[in-house]
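Order of the sequence lines fixes the chain letters, A, B, ..., with proteins taken first and strands second; residue numbering starts at 1 for each chain. Since this is a predicted model, take the numbers as computed values, not measurements.
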2 protein chains.
Amino acid sequence: MKRDLLLDAAEQLLAEQGTTALTLAAVATRAGVSKGGLLYHFPTKDALVKALVQRLIDEFDAAVDERADGSPGGYTRAYVDATFDIVTDRDPHRARRRWAVVAAAATASALADPLREATRRWHRRDDDTDVVTARIVRLAVDGLWEATDYAPLLFDAEECEQLRRRLVRLLEDPGDTSEVAGTAAT
Amino acid sequence: MKRDLLLDAAEQLLAEQGTTALTLAAVATRAGVSKGGLLYHFPTKDALVKALVQRLIDEFDAAVDERADGSPGGYTRAYVDATFDIVTDRDPHRARRRWAVVAAAATASALADPLREATRRWHRRDDDTDVVTARIVRLAVDGLWEATDYAPLLFDAEECEQLRRRLVRLLEDPGDTSEVAGTAAT
DNA sequence: CCAGGTGTACCGTCCGGACGGTACAGTTCC
DNA sequence: GGAACTGTACCGTCCGGACGGTACACCTGG
């Protein structure tokens, strides 16, 4: 499908040169399509960016779904595995995709709405044995993803594996989860 | 200083309307300054964005420094406190600033370079008792910051406090930190 | 069988407007 | 007296989007 080729081209441009490089002409050329052809599939530039954002969300959801086994805590474990697969991919472009697409969505506030909704969904899912630990683990892999976007090879393969093991262990054995009297702790 | 007023205006525009709203004319108007006045302080738009990025980095560094006490693990604890202060601020604009500035830096690849350097510095600092735990904790608060940028009020004050307490406890008592024979674990 | 029609996918050019940046002659305030 | 502006007028470029074609596969009715 030409549609996906166009989205690929757009992502590459974003990852390599930043959001200013995302022009209709550049995307069309990179995809080997004319400007008119691009506009046939995406009537406006906003529609293109919106599709970029949606594809990113759908792909991540699919990656998590395919790894989840339905067991308690399975969602967060799948979340961790899916993210590490992306972050430790041989192709550094794979990790930078998110950063690029997210930045493109920031060109206009409304474009990031689906992203906001997805973020809520990802982080407020509470099917785990210990909710707070699960949240921390998901936030940590999100942080890793983001940090790796800016700073490629921030951690080497060995260090990533260390992080992953510790996160999984944290999920399995959260340690002392007692709360210190909630709000009363001041 | 008018310079800081201009940076404030730029940040507000970015946070409210996205990067396309960041035009020289709009920034000048919002700051109550003429376009000529703006260009007096920042000769190009890139210089403006660069200053935005630098201020963000400097402010975070200062916030961490002022909370750090030099003790082992003090850096990461200060990192956590500084981030939570920002994320749980009454003013939601405060948390969105980073997201906004980072997005602006993504307009051209080179603008994000100082950010890459800072990210490396923040995450590769290893003055803690347990390196892996410290990394996870810093990544988690980064994740929280980022997630809160997209999805304001993702967690309420109570939940944030819960997260913070658990992260601090994790730093103080990392639990079982034994490594499962490094790479050999497969 | 085939003229005529229809929808899909795509091409290539053109235009209006916005935006970054320049230039420069004043003005205000320390 | 000069640094820190104001205000206006202007330029060149770039970019999003509109639009009028084109190629072609696939029907459809006489």
Side-chain angles (χ1 to χ4, degrees), chain A residues 1-55 100-114, chain B residues 1-55 100-114:
Chain A
M1 198 64 96
K2 271 279 161 63
R3 211 187 116 97
D4 275 302
L5 256 88
L6 287 163
L7 292 177
D8 290 343
E11 267 176 7
Q12 284 168 30
L13 281 167
L14 282 170
E16 289 166 16
Q17 293 166 259
T19 55
T20 51
L22 190 77
T23 67
L24 296 183
V27 173
T29 305
R30 163 90 54 141
V33 167
S34 73
K35 202 171 160 184
L38 165 58
L39 284 165
Y40 174 79
H41 290 285
F42 305 101
T44 67
K45 192 183 177 183
D46 274 11
L48 174 69
V49 175
K50 237 168 138 178
L52 237 31
V53 172
Q54 198 56 53
R55 190 169 73 156
V101 171
V102 166
T107 49
S109 180
L111 288 173
D113 281 343
Chain B
M1 200 60 98
K2 272 279 161 65
R3 210 187 118 96
D4 275 303
L5 255 88
L6 287 163
L7 292 176
D8 289 343
E11 268 176 6
Q12 284 168 29
L13 282 168
L14 283 170
E16 288 165 18
Q17 293 165 259
T19 54
T20 52
L22 190 77
T23 66
L24 296 182
V27 172
T29 304
R30 164 87 56 138
V33 166
S34 70
K35 196 175 161 184
L38 166 59
L39 285 164
Y40 177 80
H41 289 285
F42 304 101
T44 67
K45 192 183 177 182
D46 273 11
L48 174 69
V49 175
K50 237 168 141 178
L52 236 31
V53 172
Q54 200 53 54
R55 191 170 73 157
V101 171
V102 167
T107 49
S109 182
L111 288 173
D113 281 343

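- Among all heavy-atom pairs drawn from S109(A) and E16(B), the shortest one is CB-O, 3.9 Å.
- F42(A) has its CZ atom 14 Å from the C1' atom of dA9(C), to the nearest Å.
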If you restrict it to nitrogen or oxygen atoms, what contacts under 3.5 Å exist between nucleotides 19-26 of chain C and the protein, and what is each distance?
from: dG20(C); atom 1: OP1; to: K45(B); atom 2: NZ; distance (Å): 2.9
from: dG20(C); atom 1: OP2; to: L24(B); atom 2: N; distance (Å): 3.0
from: dG21(C); atom 1: OP2; to: K45(B); atom 2: N; distance (Å): 2.7
from: dG21(C); atom 1: N7; to: K35(B); atom 2: NZ; distance (Å): 3.0
from: dG21(C); atom 1: O6; to: K35(B); atom 2: NZ; distance (Å): 2.9

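- In the set dC5(D), dT6(D), dC11(C), dT6(D) carries the atom at the smallest distance from any side-chain atom of S34(B).
- Across all non-hydrogen atoms, the minimal contact from T20(B) to T107(A) is OG1-O, 2.8 Å.
- A close approach under 4.0 Å does occur between a side-chain nitrogen or oxygen of Y40(B) and OP1 or OP2 of dA4(D).
- Computed from coordinates, the L5(A) CG to dC10(C) C1' distance equals 14 Å when rounded to whole Å.
- Considering every non-hydrogen atom in both A104(A) and L14(A), the closest pair reads CB-CD1, 3.7 Å.
- Contact detail for K45(B) and L22(B): the closest heavy-atom pair is NZ-O, 2.7 Å.
- Distance K2(B) NZ to dC29(C) P: 11 Å, rounded to the nearest Å.
- The side-chain contact (heavy atoms from CB on, under 4.5 Å) search around P43(A) returns A47(A), not counting sequence neighbours.
- Residue H41(B) places at least one side-chain N or O under 4.0 Å from the OP1 or OP2 atom of dC5(D).
- For the pairing with V27(A), the side-chain contact (heavy atoms from CB on, under 4.5 Å) check across D8(A), L13(A), V33(A) returns one residue only, L13(A).
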